[in-house]
Structure formats: structure tokens, C-alpha cells
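The structure appears below as C-alpha cells.
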Amino acid sequence: SVTKLITAAVVLDKFKPNHTFSTRTLMRGVRLGAVIQGDLVLVGDGDPFLISEKLWQFAADLRNMGITKITGDIVIDNAKFADPIRDASRLDREARSVNAYDAPISAFGVNFNTFAVAIAPGDKSGSPARVNIDPYSISGIAIESSIKTASSGHKSNVQIMRGSGTNKAAKLTATGAIAHDDTIRKLYRSVGDPVTASGEIVRSFLAAEGISVAGKVKLGRVDRGDKELLAIESYPMHFIVQGLNKFSNNFI
């Protein structure tokens with residue numbers, strides 16, 4: 001926490017309170033009507049507050065530009081941060097984690113490089129609870145849930161562990177019970193592979209706006225011939241610093 005205070009002082013001095021980061025979005029290929037025949041390239045600028053609200057607006061902007069299909073891949077350019085994404089003390093969290101605060105660092109990272117898992121009671125006592133990624137399901141993320149709906153008045157106790165599946169996929173294992181009269185709960189867990197996770201979250205927001213992406217998510221670099229579509233502007237630095245200190249956010 002002391003380090004956070006020093007960090008806040010330095011960034012406010014270096015960048016000033018109204019500084020913003022700009023996540024560039026480019027296309028690699030040609031656009032024919034509503035179709036981009038090629039890749040969507042996302043260039044990370046180190047925005048630590050790239051959250052669902054920003055991605056929702058980004059996807060809506062592409063829809064309003066008339067884009068409905070991308071035939072290629074989602075390419076993530078994380079070149080701005082060339083150092084390892086985890087320090088030595090947290091390398092063991094890559095394979096599995098039960099926390100959100102040990103998330104890896106990347107120049108393009110969505111929702112603080114965490115998954116949000118929504119847990120709600122089922123229709124009746126004894127039925128399976130409703131467990132889903134929030135706000136949208138994510139390709140390649142498997143959920144294995146044994147959470148049951150307990151009787152009303154029962155003390156809810158739910159746990160989520162993020163482990164590694166196959167081909168860089170993640171598996172979320174959910175256990176425990178939630179009372180039938182309990183409200184929805186949300187738990188946050190760090191991602192293992194920030195490139196795949198961030199790219200698939202982007203895909204889910206695009207899909208919600210009717211924009212399909214045929215290809216895969218991959219790490220890459222921006223090319224000279226890539227054409228800029230739009231930029232995702234961050235919140236101002238004073239807002240980011242408030243989140244850093246008020247919520248003691250390790251990722252920021």
C-alpha cells in the first residue's frame with residue numbers, strides 16, 4: 001500500500017491528472033461493406049482501467065460503423081510492456097489461483113486481467129445454482145460447478161478456483177452452496193493467459209453487438225500497412241489513481 005502511494009505521486013507528476021491512455025484499434029486487410037476481410041489488431045497502451053464499460057462502447061462503435069464480420073484473427077499487441085507478465089514471486093499463480101489480486105500485467109489487459117463469475121440461486125432448494133461468466137460467456141473458458149441451492153436462511157458459502165485447461169484455455173471450478181433467498185454474488189479470479197483471455201472477452205462483446213470474428217486470438221505486432229479504425233480512450237489519470245488507492249488495486 002505504501003508503494004501505491006508513491007506510484008500515485010509519481011504518475012500524477014509525470015502524466016498530470018487529465019492524462020489519458022489510447023488503445024488503438026486497427027484492421028489488417030480490406031473492408032468490403034460490412035465485412036473486414038482480415039484481422040482486428042488491438043494495440044495496448046498500458047491502460048490499467050480498460051473495463052467492460054469501455055469494451056461495450058467500443059463494440060457499439062464498430063456496430064455503428066456498419067461492421068458485422070471480421071474474417072481473420074484478433075491480434076493483441078502487448079509490445080509496450082516487454083518485461084515478463086509475472087514477477088518471480090507469483091509465477092505459481094499462472095497455473096491456478098483463488099484470488100484476483102495476483103493477475104498478470106500486460107499492455108492490453110481487460111477488467112484488470114480478471115474473470116468475473118456471477119453466482120445466483122437456482123429455482124428451488126437442492127437444484128444447481130446458476131454460475132456464469134459476467135457479463136457474457138467466453139469461448140474457451142470451461143466452468144465446472146457443483147454449487148447447490150440451499151434452503152432459505154442457509155449461510156451461503158461459495159468458492160471459485162481458476163485452473164489451466166488445454167490449449168491455453170482456463171477452467172473455473174465452483175464449489176459450495178448459495179441460499180435460495182440470497183441475491184446474486186460475483187467473485188473475481190485472475191486470468192492465467194492475459195492474451196487469450198483479453199482477446200476472447202473482446203470477442204464476446206463484439207458478438208453481443210452482432211459482430212462475428214472467424215479467427216483465433218493471437219499475440220502479434222502492429223504492421224505499417226494496418227489501418228486505424230478507432231481508439232479506446234481511457235479514463236483520466238486522476239480517476240485511475242483514485243481506483244488505485246481507494247480500492248488498493250494491485251493491477252493498476
Side-chain angles (χ1 to χ4, degrees), residues 20-80 106-118 130 132-141 143 168-170 184 186 188 191 193-236 239-240 243:
T20 57
F21 299 96
S22 183
T23 302
R24 297 165 60 210
T25 304
L26 308 97
M27 70 173 186
R28 179 172 299 163
V30 296
R31 178 176 173 179
L32 297 177
V35 179
I36 293 177
Q37 293 190 336
D39 301 332
L40 183 69
V41 184
L42 298 163
V43 184
D45 192 37
D47 178 8
F49 225 110
L50 185 60
I51 59 175
S52 292
E53 178 181 335
K54 293 290 185 179
L55 290 189
W56 171 82
Q57 187 62 66
F58 157 71
D61 286 345
L62 290 184
R63 169 179 53 79
N64 288 327
M65 292 168 64
I67 296 170
T68 61
K69 184 177 182 179
I70 297 162
T71 65
D73 300 323
I74 296 175
V75 180
I76 307 295
D77 185 337
N78 274 329
K80 189 158 191 172
S106 56
F108 183 85
V110 174
N111 289 330
F112 316 112
N113 273 337
T114 64
F115 297 120
V117 183
R130 297 179 174 91
N132 298 286
I133 299 291
D134 180 71
Y136 307 121
S137 61
I138 303 172
S139 176
I141 308 300
I143 298 179
K168 293 188 176 182
I184 189 170
K186 293 183 183 179
Y188 299 84
V191 307
D193 173 18
V195 173
T196 301
S198 295
E200 292 297 346
I201 293 173
V202 169
R203 189 200 301 271
S204 73
F205 275 88
L206 293 174
E209 295 295 328
I211 303 171
S212 65
V213 183
K216 59 185 179 181
V217 174
K218 65 182 183 182
L219 185 67
R221 295 288 297 273
V222 63
D223 288 341
R224 180 174 297 179
D226 295 343
K227 303 176 184 67
E228 189 147 351
L229 291 171
L230 55 87
I232 306 172
E233 298 296 333
S234 77
Y235 293 107
F239 182 87
I240 295 173

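Predicted, not measured: the structure shown is a model, and the values here were computed from it.
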Can you tell me how far the CD1 atom of I143 sits from the CD1 atom of I133, to the nearest 0.5 Å? 4.0 Å
Salt-bridge test for K80 and D45: reply yes if a basic N is under 4.0 Å from a carboxylate O, no otherwise. yes
Begin from the C-alpha positions of L42 and F58 and carry the test side chain to side chain contact (heavy atoms under 4.5 Å, CB included) through to its verdict. CA-CA 11 Å; L42 298 163; F58 157 71; 4.2 Å; yes
Would you give the length of the straight line joining atom OG of S212 to atom CG of L206, rounded to the nearest 0.5 angstrom? 9.5 Å
Enter the distance from Q57:CD to N64:CG here, rounded to the nearest 0.5 Å. 8.0 Å
Is the side chain of T20 donor-acceptor paired with the backbone N or O of Y235 at a distance under 3.5 Å, no angle test? no
Approximate separation, where rounding is to 0.5 Å, of M27 CE and D39 CG: 11.5 Å
Tell me the closest heavy-atom pair linking R221 and A79, and the distance in Å. NE-CB, 3.2 Å
Consider side chain to side chain contact (heavy atoms under 4.5 Å, CB included). Of L26, I67, L229, which one does L40 pass it with? L229
Heavy-atom pair of closest approach, residues S234 and K54: C-NZ, 3.9 Å
Does any non-hydrogen side-chain atom of I51 lie less than 4.5 Å from one of F112? yes
Side-chain ion pair, D73 and K216, N-O less than 4.0 Å: no
CD1 of I70 to CG of L62: how many Å apart, nearest 0.5 Å? 6.5 Å
Kindly give the heavy-atom pair with the smallest separation between A59 and F205, and that separation in Å. CB-O, 3.5 Å
Only one of D193, N78, N113 passes side-chain hydrogen bond (donor to acceptor under 3.5 Å, both in side chains) with S106, and that residue is N113
So, for A60 and E209, which heavy atoms are closest and what is the spacing to 0.1 Å? N-CG, 3.9 Å
Does CD in E53 sit with more than 12 non-hydrogen atoms of other residues, nucleotides or ligands closer than 6.0 Å? no
Can you check whether D134 reaches N132 side chain to side chain, under 4.5 Å on heavy atoms? no
Is there a donor-acceptor contact under 3.5 Å linking the side chains of N111 and S52? yes
Given T196 and I76, is the side chain to side chain contact (heavy atoms under 4.5 Å, CB included) satisfied, shown in steps? CA-CA 9 Å; T196 301; I76 307 295; over 6 Å; no
Intermediate values then yes/no, side chain to side chain contact (heavy atoms under 4.5 Å, CB included), F108 and V43: CA-CA 7 Å; F108 183 85; V43 184; over 6 Å; no
Exceeds 12 heavy-atom contacts within 6.0 angstrom, atom NZ of K227: yes
Between L219 and V75, what is the shortest heavy-atom contact and its length? C-CG1, 4.5 Å
Can you find a heavy atom in the side chain of I74 that is under 4.5 Å from one in the side chain of R203? yes
Side-chain (R31) to main-chain (G33) donor-acceptor, under 3.5 angstrom: yes
Taking all non-hydrogen atoms of both residues, which atom of Q37 and which atom of L32 are closest, and how far apart? OE1-CD1, 3.3 Å
Set out, in order, the CA-CA distance, both residues' side-chain angles and the distance that settles ring pair (Phe, Tyr, Trp, His ring centres under 6.0 Å) for F239 and F49, then state yes or no. CA-CA 9 Å; F239 182 87; F49 225 110; 5.3 Å; yes
